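Following: one structure in structure tokens, then a few remarks.
Computed from a predicted structure; not experimentally measured.
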Amino acid sequence: MNTDVIALAADSTITINDKKTYNGVNKIFMLSNDPPMGIMVFGLGKFENISIETLIKEYSKKTNFKKLKNIINIKNDFLKYLTEVTQATNINIFLDSHLKNFKQMINQQRNSCNELEFYQFIETFSNAEIFEFLKDIFETEKYNEKFKEIIKEYDESKINLNNLKKRFCSYIFNISTGILITGFNKEDMFPSYVSFNIIANVNNTLLYQNMDTKLNYSGTLIIPFAQTDVIETYLSGIDANLEDEIKKYFVNIMENYICNMYDHINVEKLEKIN
């Protein structure tokens, strides 16, 4: 993205129901010519059991974008549309369904590593955030007990329950549908974009998480919105895993070199003494 042009690129693979992947799927769509706006999706290909492609195309047909004028209005209108056309679920049903799958995932992780590695795995999410719409309900005794039940023989001295809740939010986020809306606002000279993840329609309230927003941006950007590895390889010129292996190899050489030099010096000193 620069001051004159926005270019979107995506592969054609999309995930359905957090398990199956399909090829040949459209992820980039034109929303409007006036103002010029496009939309891109990533992550899950369905929202509340409806194809996200179908939802976007139907929304594009029925919407007067001239009246909306700018990207923030379009985003809010799209969220309102999703709330109206999708079936709402109860918050407890939503959470219990995902907690069941989350419990399986956590226990699989626990069985694949030792105890210390597992505790470290949970602690890595200490800087994450609990979704605003879940903060109050997660403080209830009911859900405190539900989270304790996730890990067999839960030990509060070793696992911070709050970090487990944060890990759950990260899990929910990773199986949500990412949306990027971008284009040129009618009153602006430079392009804008908003990105957010739609999570669920709960009690006729759309749960979503804002990601990033840039309005009337006059700089130059290359931004990954889903998997970052390909973009990082393109920008840095080297695969991140390969770079890590080279660094480890170099560190290993230097450590051995220092040890060898130390041994060599000691040998020389002994020879002189003798």
| Going through the checks in order, is the side-chain contact (heavy atoms from CB on, under 4.5 Å) test met by F173 and E129? | CA-CA 11 Å; F173 183 81; E129 293 183 2; over 6 Å; no

| task | Show your reasoning for whether side-chain contact (heavy atoms from CB on, under 4.5 Å) applies to F42 and N197. | result | CA-CA 9 Å; F42 48 95; N197 280 57; 4.3 Å; yes

| message | What verdict does the ring pair (Phe, Tyr, Trp, His ring centres under 6.0 Å) test give for F138 and F147, after you've listed the backbone C-alpha separation in whole Å, the side-chain angles of each residue and the deciding distance to 0.1 Å? | response | CA-CA 9 Å; F138 275 3; F147 274 98; 5.0 Å; yes

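Of the inter-residue distances, the one linking I56 atom CD1 with T63 atom OG1 reads 11.5 Å to the nearest 0.5 angstrom. Remark: I74 CD1 to F78 CZ distance equals 11.0 Å, nearest 0.5 Å. Atom CZ in F29 sits 8.5 Å away from atom CD1 in I52 (nearest 0.5 Å). Distance CG/N127 to CG/N163: 8.5 Å, rounded to 0.5 Å. Atom-to-atom distance recorded for I150:CD1 and L161:CG is 8.5 Å, nearest 0.5 angstrom. For the atom pair SG of C169 and NZ of K135, the computed distance is 9.5 Å after rounding to the nearest 0.5 Å.
Put simply, the side chain of S192 gets close to the backbone of N216: a donor and an acceptor are under 3.5 Å apart. Of the possible polar contacts, one joining the T83 side chain to the L79 backbone as a donor-acceptor pair under 3.5 Å is found. Between the N111 side chain and the N107 main chain, a donor and an acceptor come within less than 3.5 Å of each other. Under a 3.5 Å cut-off, the side chain of N203 and the backbone N or O of T205 do not form any donor-acceptor pair. A donor-acceptor pair under 3.5 Å is formed between the side chain of N73 and the backbone N or O of L68. With D239 contributing its side chain and T233 its backbone, the two residues share no donor-acceptor pair below 3.5 Å. Looking at S97, its side chain never comes within 3.5 Å of a backbone N or O of F94 through a donor-acceptor pair. Checking side-chain atoms of S60 against main-chain N and O of S32 turns up no donor-acceptor pair under 3.5 Å. A donor-acceptor contact shorter than 3.5 Å links the side chain of T177 to the backbone of L44. A side-chain donor-acceptor contact under 3.5 Å links N185 to the backbone of I71.
The neighbour count for N64 CG, taken as heavy atoms of other residues, nucleotides or ligands under 6.0 Å away, is above 12. Within 6.0 Å of CD on Q87 lie no more than 12 heavy atoms contributed by other residues, nucleotides or ligands. With a 6.0 Å radius and a threshold of 12 heavy atoms from other residues, nucleotides or ligands, F118 has its CZ atom above the threshold. For CG of N33, the number of neighbouring non-hydrogen atoms (other residues, nucleotides, ligands) closer than 6.0 Å is 12 at most. Counting heavy atoms of neighbouring residues, nucleotides and ligands inside a 6.0 Å radius, atom NZ of K62 exceeds 12 of them.
Listed by chain and residue number, nothing satisfies the salt bridge (Lys or Arg N to Asp or Glu O under 4.0 Å) test with E123 (two or more places apart in sequence, or in another chain). Scanning for ring-ring contact (aromatic ring centres under 6.0 Å, His included) contacts around F184 gives an empty result, with sequence neighbours left out. Y59 is linked by a side-chain hydrogen bond (donor to acceptor under 3.5 Å, both in side chains) to D77, counting only residues two or more places apart in sequence or in another chain. For K66, the side-chain hydrogen bond (donor to acceptor under 3.5 Å, both in side chains) criterion is met by no residue, not counting sequence neighbours. Every residue two or more places apart in sequence or in another chain was checked for a side chain to side chain contact (heavy atoms under 4.5 Å, CB included) with D244, and none qualifies. Applying the side chain to side chain contact (heavy atoms under 4.5 Å, CB included) test to K214 and every residue at least two apart in sequence or in another chain returns Y193, D212, Y217, L221.
Proximity of I106 to Y171: side-chain heavy atoms (C-beta onward) are nowhere separated by under 4.5 Å.
In this structure, L8 is not a member of the same hydrophobic cluster as F190, with clusters built from ILVMFWY side-chain heavy atoms closer than 4.5 Å.
Each salt bridge (Lys or Arg N to Asp or Glu O under 4.0 Å) pair with one or both residues in residues 86-98, not counting sequence neighbours, appears once here: D96-K146. Residues in residues 83-94 take part in no salt bridge (Lys or Arg N to Asp or Glu O under 4.0 Å) pair, two or more places apart or across chains. Listed by first and then second residue, the salt bridge (Lys or Arg N to Asp or Glu O under 4.0 Å) pairs involving residues 181-195 are D34-K186 (not counting sequence neighbours).
The hydrophobic cluster of M30 has no other members, since no ILVMFWY side-chain heavy atom comes under 4.5 Å of it. Here I238 sits in one hydrophobic cluster together with L242, I246; the rule is ILVMFWY side chains under 4.5 Å apart, joined directly or through other members. Annotation for L116: hydrophobic cluster partners, listed by chain and number, are none (ILVMFWY side-chain heavy atoms under 4.5 Å, direct or chained).
Residues I199 and F47 come closest through the heavy atom pair C-CE1, 3.8 Å. Closest approach of L207 and F133 over heavy atoms only: CD1-CE1, 3.3 Å. Nearest heavy-atom pair across D11 and K27 is OD1-NZ, 2.5 Å.
Ionic pairing of K57 and E53 is present here: one or more N-O contacts between side-chain nitrogen and carboxylate oxygen are shorter than 4.0 angstrom.
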